[in-house]
Amino acid sequence: MGRGIAGLFTMFSSFIFTSTVLNFLGCQLADLKDALFLFLLLVDLSKAGILAQLALCGANQSEVTTNIARGMEVLGPALTLDTLVETLVIGVGTLSGVQRLELLSGFAVLSALVNYTVFMTFYPACLSLILELTNNGNNRRQKTGGENLIRLMLLKEDSKPNPVVQRVKLIMSSGLFVVHVLSRFPISDKDSDATEQIIASQAHEHLAALNKTDTIELSELVMHWLSISLEQIFTYILIITLGVKFVLFDRFNLSDQLMQSVANEQAAAAAAAAAARRESMHQSPAAAAPPSSPPVTFTLSEMVTVEEKDTQTDLSLMELEDRFGPRPVNVKNDGVKFRIHSNNIIEVSDSESSNDEDELARRQLVVEREPRPLEECIQILQTDGHGKNLTDVELEQIVRAGRNICPLYKIETIIGDPVRGVHLRRIMMIKDACRAANTLNELPYLNYDYSRVMNACCENVIGFVQIPVGFAGPLLLDGKKYYVPMATTEGALVASTNRGCKALSVRGVTSFCEDVGMTRAPCVRFPNVLRAAQAKRWMESEENFNRIKQAFDSTSRYARLQDLHIAIDGPVLYVRFRAFTGDAMGMNMLSKGTEAALRDIQIEFPEMDVISLSGNVCSDKKPAAINWIKGRGKRVVCETVIPANSLASILKTDARTLVQCNKLKNMTGSAVAGSIGGNNAHAANMVTAVFIATGQDPAQNVTSSNCSTNMETCGETGEDLYITCTMPSLEVGTLGGGTGLPGQSACLDMLGVRGSHPQYPAENSKQLARIICATVMAGELSLLSALVTNDLVKSHMRHNRSSVAINPNVQQPSKSAATMVVAPAKEGQSSSGTSA
């Protein structure tokens, strides 16, 4: 738009000027037919376009006027110097003595002077008037401070003004001025006559020498050619001079002083307005307005050129705040850096510090240019090997082209930018689902290390869900204290487990862990039952088992096959492979090893047909008696004794009450329900919370939550409580999968079990299994205590529904003497529980 305004004004003023010159000089229109190339060389839209764009950055007429004044302050001196050089260089043509050349040179000089006069006087006033009429007539949308700031920054082009070029211009203009003075005021006639005599004598001597060498004819030919083409030679010199001027001197840029001063003022105003809006949210309507924030200083670096076209509309500016909701801006820090990358991403960051608070204040603004053709975009993507030089719109049209060049599910890998890939997928998903643009505003995706997610944990990523993580502890386990991280959204769960840890830590928990091994059971079919039975006997022999084990173990450094459990059903065999997997949970190891073993078996039984790599006899993520009986993963047992005084002071109950509740609820109740592995109160609660916090597979809580909770009275008086928890199929690992994600790795470090044990493989995963089993025991103990004291509802109303007030005047249900021995906790005492 800036170029359009400048072009129209220049053409109009040149027309008026041409008519005036023709009338003043009394020339015919045909006399200036060759002056077209002079006009094309002299026309200069760069400075007029810069001033127009600078004016367009104003959000109101006051800012427009201020920006024009700042632009004239910087552009004026440079334009004056350029005009002086032009007139002096072109004015040399008026000294040639060639009538036609003198006429064209005079026209060019007058044109340069009038253009300078018009630009310095009428053009700024007309520009301000045009913008004022446009704003009043069209009710143009007001730009935000961020948009104005980015527009100002984009006005800067490839290079800064070269001070050497400016000095050369001054020296050139000074020398040309001396030439013009000497030409306009020649030396005296006496000196001129003497000079002519000297020149004539030298020419006579020269001609005599030429006669002696018989080259007079060649000399006359050269002189004749020079005399004939003198006008053309001067014309060529003039064209070359103007061409050099056009190429070298017309690429003028706004100086740093203009850029920084205007940008600082508008950015400071925008920041102050934003601060006032944020402050108003926290103050009453009658509160005083917040004080103005100090101005922000901007340092410009690595700017890119935004190609302008006459047909291009205004730049489309879209702030991060418009896409993802408002983000805080720290307006108190100085030294903010703006960096514009080659993909039109403008990054705003604090140059003095890089802590987490500054990272939260980082913002990005995206400038979308007019999209290029699809084939050109594809060529750029294939040539560069990434999409950094393509805009979001261009990448989207490549994805939607459906040529398998850039499929949406792996766009992060192809363009080489995970965060941008996630952002593009969010935009396209919202468009395809016909949802509002702000649908995913509350689903964050920034400030996350997606390099640990790709090809490992999740596909088609559009963000991440934040789950609060609490800790329960200290938990005294095998003489060592642990603070157990638990990720959950269920109120009262962490508080309840924490109370149980307090009771368990009076004497501490003792644990035992056995590495049972991970399992995988493929389903294979044979032509008939006889052949299936022969294969079963073949695999169960020791010699053949060792052969299968060798094939299985060759696929991994850690996976070691332990045994085969083979079940037959007609001509179908279910071969349950069980193997040790080190500190990894091991499902991938088992799958890879099982495939290699089946290929070896097919050498002996080529008619064997592999129906499925998993035949559900494993059994993974499903309730199954085989895991309850034979175990899977880790088998863990924990025990402890809780003194009677600790039961009374911490849990507000006694041993006999807890033993009776555990018998009727966990044992008899589970049997009546036909539960498999459910002889517990809520083991899945603690298992899942620790699983999510430490990067385990949350779906494996189905098998891992198999738990048998037992309680007995003990001690000399029979008032102490002996409690055990047995978990035969706890499937955990400390490396691989989600354990490598940043937050989950931190939780494993918190427990001291991250990664593989350096000396004893599987020791870290076994230790994690012990911690989870002890945590389950703490949660079991606390919940049963809350149930027998009727504190379950109260604790959930306090922790899980904090918005609902608890009425202390509501009378609690009566407590039976058979089930209630110790009075419930008084109001204000800590007594927590969770869902049964």
Side-chain angles (χ1 to χ4, degrees), residues 470-486 488 492-514 633-644 646-647 650-651 653-655 657-659 661-663 665-667 670 677-691 693-694 701 704-714 720-730 732 751 766-788 832-836:
F471 78 88
L475 172 63
L476 184 59
L477 173 63
D478 297 326
K480 186 177 180 180
K481 291 183 179 180
Y482 294 92
Y483 293 87
V484 184
M486 301 177 67
T488 182
L493 175 60
V494 177
S496 175
T497 308
N498 189 68
R499 184 175 71 148
C501 290
K502 183 178 180 181
L504 295 180
S505 296
V506 174
R507 294 188 179 178
V509 179
T510 303
S511 67
F512 164 77
C513 183
E514 177 186 4
K634 307 294 187 294
R635 179 183 285 114
V636 193
V637 181
C638 289
E639 68 173 358
T640 190
V641 174
I642 304 176
S646 297
L647 292 173
I650 299 174
L651 302 175
T653 186
D654 64 278
T657 303
L658 289 175
V659 168
C661 180
N662 181 74
K663 175 183 176 182
K665 170 182 169 61
N666 290 343
M667 301 302 172
S670 297
N679 298 338
N680 58 80
H682 68 142
N685 250 334
M686 285 69 68
V687 169
T688 305
V690 180
F691 267 30
T694 58
N701 77 88
S704 298
S705 298
N706 286 340
C707 176
S708 175
T709 301
N710 288 287
M711 292 183 178
E712 302 176 9
T713 57
C714 65
D720 297 341
L721 179 67
Y722 174 73
I723 178 173
T724 65
C725 279
T726 303
M727 304 183 71
S729 53
L730 194 52
V732 295
L751 298 173
K766 289 168 66 176
Q767 185 61 31
L768 177 60
R770 293 187 183 97
I771 294 172
I772 294 175
C773 185
T775 305
V776 168
M777 179 185 289
E780 292 281 282
L781 181 63
S782 181
L783 176 59
L784 291 176
S785 300
L787 289 172
V788 299
S832 304
T834 188
S835 59

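FYI, side chains are in, hydrogens and waters are out, and symmetry mates aren't considered; it's all heavy atoms of this structure.
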To check you understand the geometry: which heavy-atom pair defines the closest contact between [X] and [Y], and what is its length?
X: Ala681; Y: Glu780; value: N-OE1, 2.8 Å
X: Cys707; Y: Asn680; value: O-ND2, 3.0 Å
X: Ser670; Y: Gly678; value: OG-O, 2.7 Å
X: Ala644; Y: Asp720; value: N-OD1, 2.9 Å
X: Ala786; Y: Arg499; value: N-NH2, 3.8 Å
X: Ala683; Y: Ser705; value: CB-O, 3.9 Å

- Would Lys502 and Leu475 count as a side-chain contact (heavy atoms from CB on, under 4.5 Å) if you check the C-alpha gap in whole Å, the side-chain angles of each, and the deciding distance to 0.1 Å? CA-CA 7 Å; Lys502 183 178 180 181; Leu475 172 63; over 6 Å; no
Check whether any side-chain heavy atom of [X] sits under 4.5 Å from a side-chain heavy atom of [Y], and report yes or no.
X: Leu787; Y: Lys665; value: yes
X: Pro485; Y: Leu751; value: yes
X: Val641; Y: Leu721; value: no

Result for side chain to side chain contact (heavy atoms under 4.5 Å, CB included) between Asn710 and one of Met667, Lys663, Glu639 points to Met667
Tested for side chain to side chain contact (heavy atoms under 4.5 Å, CB included) against Leu781, the lone hit among Leu658, Thr640, Thr497, Thr653 is Leu658
Across all chains, not counting sequence neighbours, the side-chain hydrogen bond (donor to acceptor under 3.5 Å, both in side chains) partners of Ser511 are Asp478
Quiz prompt | Any donor-acceptor N/O pair, Ser505 side chain to Cys501 backbone, under 3.5 Å | solution = yes
Euclidean distance, [Y] [atom2] relative to [X] [atom1], rounded to 0.5 Å:
X: Phe691; Y: Ile772; atom1: CZ; atom2: CD1; value: 5.0 Å
X: Leu477; Y: Tyr482; atom1: CG; atom2: OH; value: 6.0 Å
X: Cys513; Y: Gln767; atom1: SG; atom2: CD; value: 8.5 Å
X: Leu651; Y: Ile642; atom1: CG; atom2: CD1; value: 6.0 Å
X: His682; Y: Leu784; atom1: NE2; atom2: CG; value: 7.5 Å
X: Arg770; Y: Met727; atom1: CZ; atom2: CE; value: 14.0 Å

For Glu514, the salt bridge (charged side-chain N to carboxylate O under 4.0 Å, His left out) test, sequence neighbours excluded, returns Arg635
What verdict does the side chain to side chain donor-acceptor pair (under 3.5 Å) test give for Thr709 and Asn666, after you've listed the backbone C-alpha separation in whole Å, the side-chain angles of each residue and the deciding distance to 0.1 Å?
CA-CA 7 Å; Thr709 301; Asn666 290 343; 4.7 Å; no
- Message: Can a side-chain donor-acceptor contact be found between Ser704 and Asn701 if the only test is distance below 3.5 angstrom?
- Response: no
side-chain contact (heavy atoms from CB on, under 4.5 Å), that's the test. Do Met686 and Val484 meet it? Break it down for me.
CA-CA 10 Å; Met686 285 69 68; Val484 184; over 6 Å; no
